[in-house]
Amino acid sequence: MRAIARRGGRVQCFSLTTASSNAYVERVNIGKEATDLILNTIADRILRGVETVQDGVHEVLFEPVIRLGVTGLSRSGKTVFITSLVANLLDRGRMPQFGPATAITAAYLQPQPDDTVPRFDYEAHLSALTSPEPHWPESTRAVSELRLSFKVRPAGLLGGLTGQKTVHLDIVDYPGEWLLDLGLMEKSYAEWSAEALNAARDRAEGADFVSALEVSDPTAKHDEPTAKALAQSFTAYLQSARAAGYSDCTPGRFLLPGELDGSPVLTFAPLPEGAAPRGSLHREFERRFEAYKREVVKPFFRDHFSRIDRQIVLVDALGAIHSGPKAVEDLRRTMADILSAFRPGRVGRIMSLLGQHKVEKILFAATKADHIHHNQHPRLTAIMEAMLRDARDRADFAGASTQAMSLAALRATVEETMQHEGQSLDVVRGMTESGKQAAFYPGELPEDPSHILSPARKGAERWLDAQYEIMKFRPARLTLRPGEGPPHIRLDRAAEFLIGDKL
């Protein structure tokens, strides 16, 4: 075979053997495939851009879409919040503080626009809460979505000319544990390992994992049984730490693995800094950590998180207070880290046409406010505001509107005043997990939030004064009248802050 090549303006001919001829043709084909791949990638990105612009133009000019992200850490009540919010937006009889309620002429559910995202199972969750034997629905374990559409009558003279408009609310439910993973994108394996090991050594729940680490050799040749054993020990520690009230437990997919359970991308653990020879356990764990960021964290940010423009972060502040100072301080740092993952601020009309999104409003909500008497709600809100001061300052500085409040998406208790040892106690009464009615007095929250936060910042092992207790209640049996959603505390104010200006 003869080939022709141009060099320095001259054409040269040279002969190729059969073997070299095949190699030459293979290189040409590989080059062509690489070129085709690059061109297809560019074309796909251009097509995505065009579709994004088209969607943005349609949303802004014709049927606006509000993408509301709902997240929070374990046991903060995301599923109950979304279920009650949707039910109370469909039937707005219990929403007096929600300004657009009178302007909404119709509200209805529609298929969500993202065909590859599971639908939030609203009907099943509502059935669990309103059945004759009510129970809490299953918690969030993956991303899900629900579209609620409104027919809105515009106010003023313009409303009579333009008629009703349609506004879509896309509610995106995702685990807070996955949100924490966004902070890993800017960390190396060595940086993450150092932070994770410091936390494990400082927590009683990490003792077994630290012991397993001490008898392992990160420089030894990698073998899968050793890697699997360390990963399982690390995962067990994360699960125990979360159960103990700690918030910063990354990687989040170790707690909620989903379809990745048992895969190499979830089979690694933090290791002490040191030599990492080729083929060693340390080198393989570092490679898998980078794969986790690339294959798990980045797609979540690209496909879901980066498109959110309103956000509520649910926080079980009462649970953290009950768990002790270390849990409160861990929660305070975690919430500040969570906010750093957002892109707070405002997007102008032109940028919104191009599909650009930034989080315009962020609500930090302390849940389970029905577990304490209403006269303590301002104290809980003040603690929440002080706990999230660092996080809120970052968002406010960037132009986003933020707010902290205490709420209960589904009220499970009633309030009473009882006499005890000659004193009047404000209590809450509800059905315990054993199925019995009980009145409960959790203790007084301090008026000054520093009485909570100062011991936490100083690393105290327990609270210096009164103990604060919590009790778990089952949902109460409900009798809903036509036009009313489930009973709640300040859900209408939360909705007003998050979406009221858009309707």
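Here, residue 1 is the first one in the sequence, and each next residue gets the next number.
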Would you find more than 12 non-hydrogen atoms of other residues, nucleotides or ligands less than 6.0 Å from Q419 atom CD?
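It does: Q419 CD has more than 12 such atoms within range.
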For the CD atom on E415, are there more than 12 heavy atoms of other groups (residues, nucleotides or ligands in this structure) within a distance under 6.0 Å?
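Enclosed.
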Charged N to carboxylate O below 4.0 Å: is that the case for [X] and [Y]?
X	Y	answer
E496	R490	no
R389	E385	no
D248	R333	no
K187	E195	yes

Among K78, R242, R253, which one satisfies salt bridge (Lys or Arg N to Asp or Glu O under 4.0 Å) with E177?
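For E177, the salt bridge (Lys or Arg N to Asp or Glu O under 4.0 Å) check succeeds only for R242.
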Identified salt bridge (Lys or Arg N to Asp or Glu O under 4.0 Å) counterpart of D170 within the set R307, K502, R147
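When R307, K502, R147 are each tested with D170, the salt bridge (Lys or Arg N to Asp or Glu O under 4.0 Å) holds only for R147.
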Considering residues at least two apart in sequence or located in another chain, which fulfil the ring pair (Phe, Tyr, Trp, His ring centres under 6.0 Å) criterion with [X]?
X	value
H125	F120
Y174	F300
F81	none

Over all atoms of both residues, closest heavy-atom pair of [X] and [Y]:
X	Y	answer
L89	A107	O-CB, 3.8 Å
P446	I452	CG-CG1, 3.5 Å
S434	T432	OG-OG1, 2.8 Å
P257	L266	CB-CD1, 3.6 Å
D370	V428	O-CG1, 3.7 Å
L238	P251	CD1-O, 4.2 Å

[atom1]-[atom2] distance between [X] and [Y], expressed to the nearest 0.5 angstrom:
X	Y	atom1	atom2	result
M335	M384	CE	CE	6.0 Å
L314	K368	CG	NZ	10.5 Å
F234	C249	CZ	SG	8.5 Å
D173	S144	CG	OG	4.0 Å
L90	L148	CG	CG	5.0 Å
Q376	T381	CD	OG1	11.5 Å

Under 3.5 Å, which donor-acceptor pairs link side chains of residues 472-481 to any protein atom two or more places apart or in another chain?
from : atom 1 : to   : atom 2 : distance (Å)
R477 : NE     : P132 : O      : 3.1
R477 : NH2    : E133 : OE1    : 3.4
R477 : NH2    : E133 : OE2    : 3.3
R481 : NH2    : E484 : OE2    : 2.9

For [X], give me all partners under salt bridge (charged side-chain N to carboxylate O under 4.0 Å, His left out), at least two apart in sequence or on another chain.
X	answer
R493	none
R429	E416
E421	none
D91	none

Apply the test salt bridge (charged side-chain N to carboxylate O under 4.0 Å, His left out) to residues K293 and E186: give CA-CA distance (whole Å), side-chain angles for both, the deciding distance (0.1 Å), then the verdict.
CA-CA 10 Å; K293 295 195 298 182; E186 298 179 351; over 6 Å; no
Under the criterion ring-ring contact (aromatic ring centres under 6.0 Å, His included), I'd like the reasoning laid out for F268 against F254: C-alpha separation, chi angles, the key distance, then a yes or no.
CA-CA 10 Å; F268 65 89; F254 279 52; 5.1 Å; yes
So V328 and R332, do their side chains get closer than 4.5 Å, heavy atoms only?
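Sidechains of V328 and R332: no contact.
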D492 versus H488: any side-chain heavy-atom pair under 4.5 Å?
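SC-SC contact between D492 and H488 confirmed.
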Check whether the side chains of [X] and [Y] place a donor and an acceptor atom closer than 3.5 Å, and report yes or no.
X	Y	answer
Q311	T71	no
S406	H377	no
E360	S401	no
T166	K151	yes
D426	T417	yes

Taking the side chain from R310 and the backbone from L498, do they hold a donor-acceptor pair closer than 3.5 Å?
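Yes; judged by distance alone, with no hydrogens or angles, the pair exists.
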Any donor-acceptor N/O pair, R153 side chain to T102 backbone, under 3.5 Å:
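Checked: pair present.
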Partners passing side chain to side chain contact (heavy atoms under 4.5 Å, CB included) against [X] (at least two apart in sequence or in another chain):
X	answer
E123	L109, R119, D121
T116	none
Q403	L363, M405, F497

Candidates V315, L388, D316 - the one meeting side chain to side chain contact (heavy atoms under 4.5 Å, CB included) with L331:
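Exactly one candidate clears the test, V315.
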Show me the donor-acceptor pairs, under 3.5 Å and distance only, between side chains in residues 198-206 and residues at least two apart or in other chains.
from : atom 1 : to   : atom 2 : distance (Å)
N198 : ND2    : A194 : O      : 3.1
R203 : NH1    : Y237 : OH     : 3.1
R203 : NH2    : D330 : OD1    : 3.1

